[in-house]
A.B. asks: 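I'd like to ask you about the structure that follows.
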Amino acid sequence: MFTEELQTIRQAEERADIIRKDAKTEAARLMKDANTKAGKMADEAETKAKECYEAFLAEGQQTAQAQ
């Protein structure tokens, strides 16, 4: 009886270890994905900011030349 209980406890601990390992792996994957997406978003924002800057600069130069 005691041996069965010990075996049950060991199996539960093994399952818990597997669950923890899987959770760490999934968390690492999610972090990697999030960092990749954040990097892409930052690159897109920088590109958009440069485009806006160039458009405003061109508009300002046209206005200055017209005056």
Side-chain angles (χ1 to χ4, degrees):
M1 186 111 146
F2 181 71
T3 307
E4 291 172 3
E5 291 172 347
L6 279 178
Q7 186 173 358
T8 301
I9 292 169
R10 285 187 184 128
Q11 289 172 348
E13 288 174 343
E14 288 172 3
R15 284 195 304 266
D17 287 341
I18 291 169
I19 291 169
R20 276 192 291 272
K21 180 182 173 187
D22 290 347
K24 285 181 182 180
T25 301
E26 180 67 8
R29 186 188 66 76
L30 291 172
M31 287 297 295
K32 181 180 176 185
D33 290 349
N35 286 331
T36 299
K37 287 179 184 179
K40 287 180 183 178
M41 290 174 67
D43 290 344
E44 290 172 3
E46 184 177 355
T47 299
K48 182 70 175 173
K50 285 179 182 178
E51 290 172 358
C52 289
Y53 167 77
E54 290 170 1
F56 289 137
L57 183 62
E59 183 180 338
Q61 287 174 341
Q62 287 177 352
T63 301
Q65 288 176 355
Q67 292 179 357

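Note: hydrogens, waters and symmetry copies are ignored here, and every other heavy atom, side chains too, is used. Quick note: residue numbers are just sequence positions, from 1. Computed from a predicted structure; not experimentally measured.
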A.B. asks: Can you tell me how far the CD atom of Gln7 sits from the CD1 atom of Ile9, to the nearest 0.5 Å?
C.D. replies: 11.0 Å

A.B. asks: Tell me who clusters with Phe56, hydrophobic residues only, linked when side chains sit under 4.5 Å apart either directly or through other members.
C.D. replies: none

A.B. asks: Could you check whether atom CD of Glu4 has more than 12 heavy atoms from other residues, nucleotides or ligands sitting under 6.0 Å from it?
C.D. replies: no

A.B. asks: Which residue pairs satisfy the side-chain hydrogen bond (donor to acceptor under 3.5 Å, both in side chains) criterion with at least one member in residues 14-23, sequence neighbours excluded?
C.D. replies: Asp17-Arg20

A.B. asks: Please write out which residues are connected to Tyr53 in a hydrophobic cluster, directly or through intermediates, given that two of Ile, Leu, Val, Met, Phe, Trp, Tyr count as joined at side-chain heavy-atom separations below 4.5 angstrom.
C.D. replies: Leu57

A.B. asks: Any salt bridge (charged side-chain N to carboxylate O under 4.0 Å, His left out) involving residues 28-39? Give me the pairs, sequence neighbours left out, ordered by first then second residue.
C.D. replies: Glu26-Arg29, Arg29-Asp33

A.B. asks: In the hydrophobic clustering (ILVMFWY, side-chain contacts below 4.5 Å, transitive), which residues join Phe2, or is it alone?
C.D. replies: Leu6

A.B. asks: May I have all residue pairs that pass salt bridge (charged side-chain N to carboxylate O under 4.0 Å, His left out) and include part of residues 49-63, sequence neighbours excluded?
C.D. replies: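 Checked against salt bridge (charged side-chain N to carboxylate O under 4.0 Å, His left out) - neighbours excluded - the pairs reaching residues 49-63 are Glu46-Lys50.
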
